[in-house]
Amino acid sequence: MRPAKISAEHNPLRDPRDLRLPRIAGPSGLVIFGVTGDLSRKKLMPAVYDLANRGLLPPGFALTGFARRDWEDQDFAKIVHDSVKEHARTPFREATWEQLAEGIRFVQGSFDDDTAFENLRQTVEKLDEERGTGGNHAFYLSVPPGAFPVVVSQLQKHGLSTPQEGSWRRVVIEKPFGHDLESAQELDAVVSEVFDQESVFRIDHYLGKETVQNLLALRFANQMFEPLWNAHYVDHVQITMAEDIGIGGRAGYYDGIGAARDVIQNHLLQLLALVAMEEPVNFDAQALRAEKIKVLSSVRLPRDLGRHTARGQYASAWQGGEKVVGFLEEEGFNPDSTTETFAAVRLDIDNRRWAGVPFYLRTGKRLGRRVTEVAVVFKKAPHLPFESSLASDLGNNALVIRVQPDEGVTLRFGAKVPGTAMEVRDVTMDFGYGHSFTESSPEAYERLILDVLLGDPPLFPTREEVELSWKILDPVIDYWAGKGKPEQYPAGTWGPPSADAMMARDGRSWRRP
Amino acid sequence: MIIDMPKTTTTAVDKRLVDLRDEGGAVALGRVLTLVVVADEKDVELAVEAANDASREHPCRVLVVAASDGPADEARLDAQIRVGSDAGASEVVILKTSGPLREQPDAVVMPLLLPDAPIVVWWPREAPEAPSKDPVGRMAQRRVTDSIMAGDPEGMIRTLAENYATGDTDLAWARVTLWRGLIAAAVEQPPFEPVQSVTVEGEPGHTSLDLLAAWLSARLRCPARIVHHEGATAITRVTLERRTGSIVLDRPDSRVVTISETGKPDRRIALPVRKLNEALIEELRRLDPDEIYEEVLTKGLPLVDAEAQKVTA
């Protein structure tokens, strides 16, 4: 018996039929810039721990923090420890923590500080020696986009961005990817000068959510939905992401950005792409990207933007038993701001499947409740053989995919009301994905961090997708810029009257999620 | 909520379940399977606890059938329904059978199966020699045994191998998954060299050792040896010999694995011994036949046994 050959491409222990075998990342380390931020404390560090607890991180994994604070390794470890204890999804295990803690390092410095980056390089090299991270490192830039260029060029200057033969260096960036097409391209030029396209991971945490991936399962694993998924049966699609909170402490970031750039450009257009795209050849990054790009490039804006878009700013009002201040009165905020906190647009998709089916996208802060959903609203039945008065309660059938909270799918259809008359009214059938599954299903960031370490890109938007989204959105934002102040809407309602008027013009209305 | 139904029938139990759903939606939606547990009376609580945990990831109806020590001549069924906080994300029905009914577990279970949903049967300790020929086992898509808990683990796993049928699986296999992941990742690093022999060391009677050795032997096409140490817990060490050096995965304290490789720094990772609920959760994740397990059981295990005989002879 000759022993089985092993090579970089072929591992006899792996078998596509072996579905239990976990994909554990190879030796590697993660460096986080901006570890003192909220995202890092509430999401990234807990996600790293949860991955470790599930046995998906490589042995000897290293976590390095980079920030201005005057900390030692232990101080940083303490911060990680506290954030893990408070926010991690899986139970706290001393053994897991000890192993993780051994690989925690901290480098102090500011982004323009050469000594700090020199320290970082030495730290990383030492980790390769001590922990066996094998020269593989991912740099997570949890910093404002303004700092990207300096961090990226510092990485290059100190030899951190160039991998040795047989190892890798990757960079992870968070939205916003610029504030319009031009700035997105500039940003990209900066990053791609240093890292090649395959090593750049743009995080849109929505795409890491189980429900969003479930959208693909719903569409492509089932026989019963896809035949209806086109202009013959679908009347229109509404994609909503509503928040019940205001801008809070993000005033500095939010002024000049606004709802459209903050949410529509990335989350909503990505959702639109997943809902509207054709079936990918397979679920490889390449194939998925091809379909998403195809559908994003066939998106068309309405000719008259004034009639088919809406924007607003929340005004002071009673929201759910609490008096909240208006957007312009938020502390530390520019009282003359024209930044919108509510944005709605109609988009059409010029292809055979979707011709004549408008997609309505809306997002806002201080709306009725926190909800993200995709509602596919079907056409009415062409003929009702009932007396019209008896079926007057019957609305359109709808399939609603709730992304958060209470993940699941709702189907809305007509049913007979008990009694002698053939009276029909709407009922809902509910599948609660969240009721029972999500308690132990992984957080979006767990999935995404693991994918970065594995170098598996299907869930990350590519440069082309980002640029296409800006191409769609830029004209709308430009149009708004010339139109003065956004309309006010009372906090806790579902947006300004112009949003309802925009739907009414098409003979439709917004769903109340 | 716990509802006791002494001296009852399955029809009454079924009706009560429907009522409960009507009353308060006490029943989780979207249940994906029925888990039938065939247990001894003393194992009921242990099984329910693990099943409750599993139901949080895989919402299911749990039916526990336990032969009771009641009088031998009277056919009697005592049922208990648990819902809400006593039942994870599902409902649990415990069915204690006495007298002639003890021999008819399939008849007791049948009326309470969820429509359309797959059936998984789990024997937490001893199992029939041929699970697929058992009356309850025959109904199920997936038959889960747990040889580690049995009186004669090594004997049982080999009997299971002889009687293997598509859909069989053993929790000793699920318990070894993380080890397999680590080992697969370890050989994926340079230098890429064939593994010439394997040694798996650990607790006597822990059949995960047998399965891991069998998997490695079959996949790497090399001899694999099992070494038992009295007093050890689960798997304690795995050694992969290569021409230029070895990879050793050492877990002396059943918590942390140290991976030592010639010419590389030691790397450590927490790998606590897998608990029953974790193994069961993994087992319920997929219900299609596990072909790799089949290979390990029917091809790998004989290889390991042949190797062991060579050594003693």
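The sequence lines fix the lettering, A, B, ..., with proteins before strands; numbering per chain opens at 1.
- A:N11 touches chain B through its side chain: at least one heavy atom from C-beta onward sits under 4.5 Å away, while N, CA, C and O do not.
- The contact between A:R93 and chain B is made entirely by side chain atoms (from C-beta outward), counting heavy-atom distances below 4.5 Å.
- When heavy atoms are compared at a cutoff of 4.5 Å, B:I269 approaches chain A by way of both its backbone and its side chain.
- Between chain A and the residues B:V195, B:D253, B:L271, B:T258, the largest count of heavy-atom pairs under 4.5 Å involves B:V195.
- Among residues 278-285 of chain B, the residues having any heavy atom closer than 4.5 Å to a heavy atom of chain A are, in sequence order, B:E278, B:E282, B:E283.
- B:V187 touches chain A through backbone and side chain together, each having a heavy atom under 4.5 Å away.
- With rounding to the nearest 0.5 Å, the separation of CD in B:E295 from CG in A:D15 is 6.5 Å.
- Atom-to-atom distance recorded for A:E9:CD and B:F192:CZ is 7.5 Å, nearest 0.5 angstrom.
- Within residues 170-179 of chain B, the residues having any heavy atom under 4.5 Å from a heavy atom of chain A are, by residue number, B:W173, B:A174, B:T177, B:L178.
- For a residue to count as touching a neighbouring chain, one of its non-hydrogen atoms must lie under 4.5 Å from one of that chain's; by this rule A:L100 does not touch chain B.
- With hydrogens and angles disregarded, no donor-acceptor distance shorter than 3.5 Å links the side chain of B:R267 to the backbone of A:R131.
- Taking all atoms of both residues into account, the shortest heavy-atom contact from A:A4 to B:P194 is O-CB, 3.5 Å.
- Residues B:W215 and A:D18 have side chains in contact (heavy-atom distance under 4.5 Å, counting atoms from C-beta outward).
- A heavy-atom distance below 4.5 Å is not found between the side chains of B:V257 and A:P59.
- Looking at B:R286, only its side chain comes within 4.5 Å of chain A, counting heavy atoms on both sides.
- The closest side-chain heavy-atom distance from B:R180 to A:L13 is not below 4.5 Å.
- When heavy atoms are compared at a cutoff of 4.5 Å, B:L220 approaches chain A by way of both its backbone and its side chain.
- Using a 4.5 Å cut-off between heavy atoms, A:N53 does not touch chain B at all.
- Residues B:Q189 and A:P27 share a closest heavy-atom pair of NE2-CD, 3.2 Å.
- One finds a salt bridge joining B:E188 and A:R14 here, because a Lys/Arg side-chain nitrogen approaches an Asp/Glu carboxylate oxygen to under 4.0 Å.
- The NZ atom of B:K264 sits 12.0 Å away from atom CG of A:D128, with the distance rounded to the nearest 0.5 Å.
- The shortest non-hydrogen separation linking A:L21 to B:A184 is CD2-CB, 4.1 Å.
- The NZ atom of A:K5 sits 13.0 Å away from the CD atom of B:E193 when rounded to the nearest 0.5 Å.
- With chain B as partner, the option from A:A25, A:A95, A:G103, A:A52 having the largest number of non-hydrogen pairs under 4.5 angstrom is A:A95.
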